[in-house]
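Beneath this line is the structure, given in structure tokens, with notes to follow.
All values reported here derive from a predicted model rather than from experimental measurement.
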Amino acid sequence: MNSVLSQVEAAPLASLDEWEEDLLKRYPDPETIAQGKKTEEYRNYDTPVRDTVREFYRLNHTYQTHDFVVEKKANFLKFDKKEMSVWDAFQFLNQLVDDSDPDTDLDQLQHLLQTSEAIRADGHPDWMVLAGLFHDMGKVLCLFGEPQWAVVGDTFPVGCAYSDKIVYPEYFVNNSDYNNEVYSTKYGVYEPNCGLDNVHLSWGHDEYVYHMMKDYLPEPALYMLRYHSFYPQHKEHAYGHLMNAHDHEMFKWVDLFNPYDLYSKNPVQPNWKELRPYYENLVAKYLPSTIKF
């Protein structure tokens, strides 16, 4: 892959929200369907937005190789880019405000607060509330110059055969691992039921935020952070052959978290002034005064 990407290659989507909007088309909210919106209405693939999503996944599936993932982990998991307070980190993340979206004026923190507040309203543990608040913090990778397709998108294992349950699987034919004699086999470089901790998933914000938080949050929260974009498994059940019994048990938490991630966004702005004392106390309970990026 060329070291210098064109603007189109780095940012095929008008905004990162287009990936999440595509998820809602593929996995619509059952409650919305029950209220009268037909499933077919979510499946309109003949739109300009759909074209940009296709281009996004073409690039993602072309360049997310085993070697690419290993290289990105070696670079970013040193956490030597920045160090700042949690609240400065949210201000940093807010630089990703999407001026192209006419339907919302909410910044990244406000979207994350909607997720965390929905979790809190349902009475879940406070560490799950904190996972909701932080689950997209890894999108700061965009601010370090990473292309969109190396930050968001459905995640999937690399180093073994790509499942046809992954969205737009036809684009993997352009991936240099596709015909590799090892990487193209069912198990690839892995052993049966080796456990997901031993499996490299495609690089993006999930893996990054997991490593950012792994010393501070309980294991169920870490599974939520690490695998919330692993739709080929928690929606399509395509990689059970790599999971061990512990993964299957922990994925109950991923399944619990997923609806809050997908369906909590709305145009109503959270009242940060009222919410701030609660979240300052919550952050202080679990996290150090500064975090590294």
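- Using a 4.5 Å cut-off on side-chain heavy atoms (C-beta onward), Tyr279 and Leu113 make contact.
- You'll find the ring centres of Trp149 and Phe68 inside the 6.0 Å limit.
- Note that the CD1 atom of Ile119 and the CG atom of Leu133 stand 9.5 Å from one another [nearest 0.5 Å].
- Counting heavy atoms from C-beta on, the side chains of Phe257 and Leu225 never come closer than 4.5 Å.
- No donor-acceptor pair closer than 3.5 Å links the side chain of Asn193 to the backbone N or O of Leu242.
- The minimum heavy-atom distance linking Pro232 with Tyr239 is given by the pair CB-CE1, 4.1 Å.
- The closest side-chain heavy-atom distance from Tyr57 to Asp154 is below 4.5 Å.
- No side-chain heavy atom of Arg58 sits less than 4.5 Å from a side-chain heavy atom of Tyr168.
- The closest donor-acceptor contact from the side chain of Gln108 to the backbone of Gln95 lies at 3.5 Å or more, if one exists at all.
- Side chains of Thr155 and Ser229: a donor-acceptor N/O pair is absent below 3.5 angstrom, by distance only.
- Judged by distance alone, with hydrogens and angles left aside, the side-chain atoms of Asp88 form no donor-acceptor pair with the main-chain N or O of Met84 at under 3.5 Å.
- Here the straight-line distance linking atom CG of Asn175 with atom CG of Asn180 works out to 10.0 Å at 0.5 Å rounding.
- Heavy atoms only, all atoms of each residue included: Ser264 and Thr115 are closest at OG-OG1, 3.0 Å.
- Across His135, Lys214, Met250, His211, a single residue satisfies side-chain contact (heavy atoms from CB on, under 4.5 Å) together with Arg226, and that is His211.
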Expected list for residues 280-287: side-chain donor-acceptor pairs under 3.5 angstrom, two or more places apart:
from   : atom 1 : to     : atom 2 : distance (Å)
Glu280 : OE2    : Arg276 : NE     : 2.6
Glu280 : OE2    : Arg276 : NH2    : 3.4
Asn281 : ND2    : Pro277 : O      : 3.2
Lys285 : NZ     : Asp126 : OD2    : 2.7
Tyr286 : OH     : Asp126 : OD1    : 2.5

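- Counting non-hydrogen atoms of neighbouring residues, nucleotides and ligands closer than 6.0 angstrom, the NZ atom of Lys73 exceeds 12 such neighbours.
- At least one donor-acceptor pair under 3.5 Å links the side chain of Gln114 to the backbone N or O of Val268.
- Lys81 NZ: more than 12 foreign heavy atoms inside a 6.0 Å radius.
- One distance of note links NZ of Lys292 with CG of Leu77; it measures 13.5 Å at 0.5 Å rounding.
- With hydrogens and angles disregarded, no donor-acceptor distance shorter than 3.5 Å links the side chain of Asp122 to the backbone of His124.
- Checked against a 6.0 Å centroid threshold, the rings of Phe144 and Phe92 count as neighbours.
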May I have the step-by-step check of side chain to side chain contact (heavy atoms under 4.5 Å, CB included) for Leu143 and Phe293, ending in yes or no? CA-CA 11 Å; Leu143 301 174; Phe293 293 84; over 6 Å; no
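- With hydrogens and angles disregarded, a donor-acceptor distance shorter than 3.5 Å links the side chain of Gln233 to the backbone of Gly240.
- Contact check for Leu256 versus Met128: side-chain heavy atoms found under the 4.5 Å cut-off.
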Step by step, work out the ring-ring contact (aromatic ring centres under 6.0 Å, His included) result for His205 and His228. CA-CA 10 Å; His205 72 286; His228 69 272; 5.0 Å; yes
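- Interatomic distance, Met224 CE to Asp255 CG, rounded to the nearest 0.5 Å: 10.0 Å.
- Heavy atoms only, all atoms of each residue included: His200 and Val70 are closest at NE2-CG2, 3.9 Å.
- Using a 4.5 Å heavy-atom cutoff, the side chains of Thr52 and Pro12 are not in contact.
- One hydrophobic cluster, built from ILVMFWY side chains closer than 4.5 Å, holds both Tyr216 and Phe79.
- Under the 4.5 Å side-chain criterion, counting only non-hydrogen atoms from C-beta, Leu201 is in contact with Phe230.
- Residue pairs meeting the ring pair (Phe, Tyr, Trp, His ring centres under 6.0 Å) criterion with at least one member in residues 172-195, sequence neighbours excluded, are His61-Phe172, His66-Tyr183, Phe156-Phe172, Tyr162-Phe172, Tyr187-His241.
- Exactly one of Phe251, Trp253, Tyr210 qualifies for a side-chain contact (heavy atoms from CB on, under 4.5 Å) with Tyr227. That residue is Phe251.
- At least one side-chain heavy atom of Leu130 sits under 4.5 Å from a side-chain heavy atom of Leu217.
- Ionic pairing of Glu207 and Lys72 is not present here: no N-O contact between side-chain nitrogen and carboxylate oxygen is shorter than 4.0 angstrom.
- Of the inter-residue distances, the one linking Asn271 atom CG with Gln110 atom CD reads 10.5 Å to the nearest 0.5 angstrom.
- Taking each heavy atom of Leu141 and Ala150 in turn, the nearest pair found is CD1-O, 4.2 Å.
- Of all the heavy atoms in Val151 and Pro147, the pair that sits closest is CG2-O, 3.4 Å.
- Ser176 and Thr65 make their closest contact through OG-CG2, 3.5 Å (heavy atoms, listed as atom of the first residue, atom of the second, distance).
- Summarising the local packing, CD of Glu191 is surrounded by 12 or fewer heavy atoms from other residues, nucleotides or ligands at distances under 6.0 Å.
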Side chain to side chain contact (heavy atoms under 4.5 Å, CB included), that's the test. Do Tyr208 and Lys139 meet it? Break it down for me. CA-CA 9 Å; Tyr208 187 51; Lys139 290 180 180 178; over 6 Å; no
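- Taken from CG in Asp177 to OG1 in Thr62, the straight-line distance is 11.5 Å, to the nearest 0.5 Å.
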